Structures are given as C-alpha cells and as structure tokens.
Amino acid sequence: MKYYSIIVSTPYCGEIEYHTLAIPEDEDINDDKYLYQIDEWLCENAIEWWDNEDDCYEGDFDSYLGDCSYECSVITKEEYERMAD
C-alpha cells in the first residue's frame, strides 16, 4: 500500500481539514477515483466555511471554490495509522 496525507483548504487562514488515503501499490493517486474523493473533501471543506456575505467573493461560490486547494504528501504506514486515529 501507498499512504498519503491530504490537506484541503480554503483561501483563508485556518480553514483546513486533514485526511488520509491508502491506495494499492499498483495504483496512482491521480486516478479519477482518488481525485474524486479529494474533490469531495475539498468541496465539503469549502461549503463548511462558505460565507455568502464575504466581500471578497461577493456571493460568487464558484470563484471561492476555484481558490480552494489541496496538497498531497506521501507518508509512512506508521504516520497513516497515527493520523487515522
């Protein structure tokens, strides 16, 4: 197995969620099924923090979502197990 830490965030400081993902050794983190899961986490985090009254985006959720991001890092099995707890 390959293990990953996935960090999703909005454009604002502190609006972050941490996730872990384990995938078979012969698969790629860039496969659609894994990117779909990461996008789900990204959207969930964006929706949780969305403020329709925010002056920066003037109610434009699509622009806000476009400024959200994620970061994938390879981690060890031990780190994965510790983070999953």
Side-chain angles (χ1 to χ4, degrees):
M1 296 293 277
K2 295 185 281 189
Y3 303 94
Y4 294 89
S5 167
I6 315 293
I7 302 170
V8 294
S9 60
T10 75
Y12 298 109
C13 182
E15 297 178 353
I16 298 171
E17 284 186 358
Y18 299 90
H19 300 277
T20 55
L21 199 56
I23 67 171
E25 196 67 42
D26 63 340
E27 295 190 17
D28 189 331
I29 190 72
N30 294 309
D31 288 348
D32 287 343
K33 62 184 171 185
Y34 302 118
L35 292 178
Y36 179 81
Q37 178 60 65
I38 294 168
D39 283 344
E40 285 289 310
W41 289 329
L42 183 76
C43 289
E44 288 171 5
N45 190 52
I47 289 168
E48 180 179 338
W49 291 102
W50 172 244
D51 180 358
N52 199 37
E53 303 299 319
D54 187 330
D55 291 338
C56 292
Y57 291 96
E58 299 175 350
D60 185 355
F61 182 77
D62 289 336
S63 290
Y64 167 76
L65 186 59
D67 287 342
C68 293
S69 61
Y70 71 89
E71 178 183 319
C72 272
S73 302
V74 176
I75 58 175
T76 65
K77 180 179 181 181
E78 292 78 19
E79 290 172 310
Y80 172 83
E81 291 170 347
R82 190 172 46 249
M83 292 173 75
D85 287 339

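Along the sequence shown, the residues carry numbers beginning at 1. Remember, it's a predicted structure, so these values are computed and weren't measured experimentally.
For the pair Ile23 and Tyr3, the minimum side-chain heavy-atom distance is 4.5 Å or more. Within the 4.5 Å cutoff, no side-chain heavy atoms of Glu79 are placed close to those of Ser5. Between Ile38 and Tyr4, every side-chain heavy-atom pair lies at or beyond the 4.5 Å cut-off. Using a 4.5 Å heavy-atom threshold, the side chains of Ile7 and Glu17 count as separate. The side-chain heavy atoms of Pro11 and Tyr64, taken from C-beta on, include a pair separated by under 4.5 Å. Tyr34 is listed as a side-chain neighbour of Leu21, based on a closest heavy-atom distance under 4.5 Å. Counting heavy atoms from C-beta outward, Asn45 and Cys68 have side chains that stay 4.5 Å or more apart.
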Dump the intermediate steps for salt bridge (Lys or Arg N to Asp or Glu O under 4.0 Å) on Glu27 and Lys2, then the final yes or no.
CA-CA 9 Å; Glu27 295 190 17; Lys2 295 185 281 189; over 6 Å; no
Given the rule in the ring pair (Phe, Tyr, Trp, His ring centres under 6.0 Å) test, do Phe61 and Trp50 qualify, once you have shown the distances and angles that lead to the verdict?
CA-CA 8 Å; Phe61 182 77; Trp50 172 244; 5.2 Å; yes
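Under a 3.5 Å cut-off, the side chain of Asn30 and the backbone N or O of Leu35 do not form any donor-acceptor pair. Side-chain N or O atoms of Asp60 include one that pairs as donor or acceptor with a backbone N or O of Ser63 at under 3.5 Å.
Closest of all the heavy-atom pairs between Cys72 and Ile6 is SG-CD1, 3.0 Å. Shortest non-hydrogen contact noted between Trp41 and Thr20 is CH2-O, 3.6 Å. Considering all non-hydrogen atoms of both residues, Leu65 and Ala46 come closest at CD1-CB, 3.7 Å.
Checked against the 6.0 Å centroid threshold, Tyr12 and Trp49 do not count as a close aromatic pair.
Rounding to the nearest 0.5 Å gives a distance of 9.5 Å between CD of Glu71 and CD1 of Ile16. One distance of note links CE of Met83 with CD of Glu78; it measures 13.5 Å at 0.5 Å rounding.
Within 6.0 Å of atom CG in Asp32, 12 or fewer heavy atoms from other residues, nucleotides or ligands are found, so the atom counts as exposed in its surroundings. Within 6.0 Å of CD in Glu58 there are 12 or fewer heavy atoms belonging to other residues, nucleotides or ligands.
Under the 4.5 Å side-chain heavy-atom criterion for Ile, Leu, Val, Met, Phe, Trp and Tyr, Val8 and Ile29 are members of the same hydrophobic cluster.
Looking at Tyr57 and Asp67, their side chains do bring a donor and an acceptor atom within 3.5 Å of each other.
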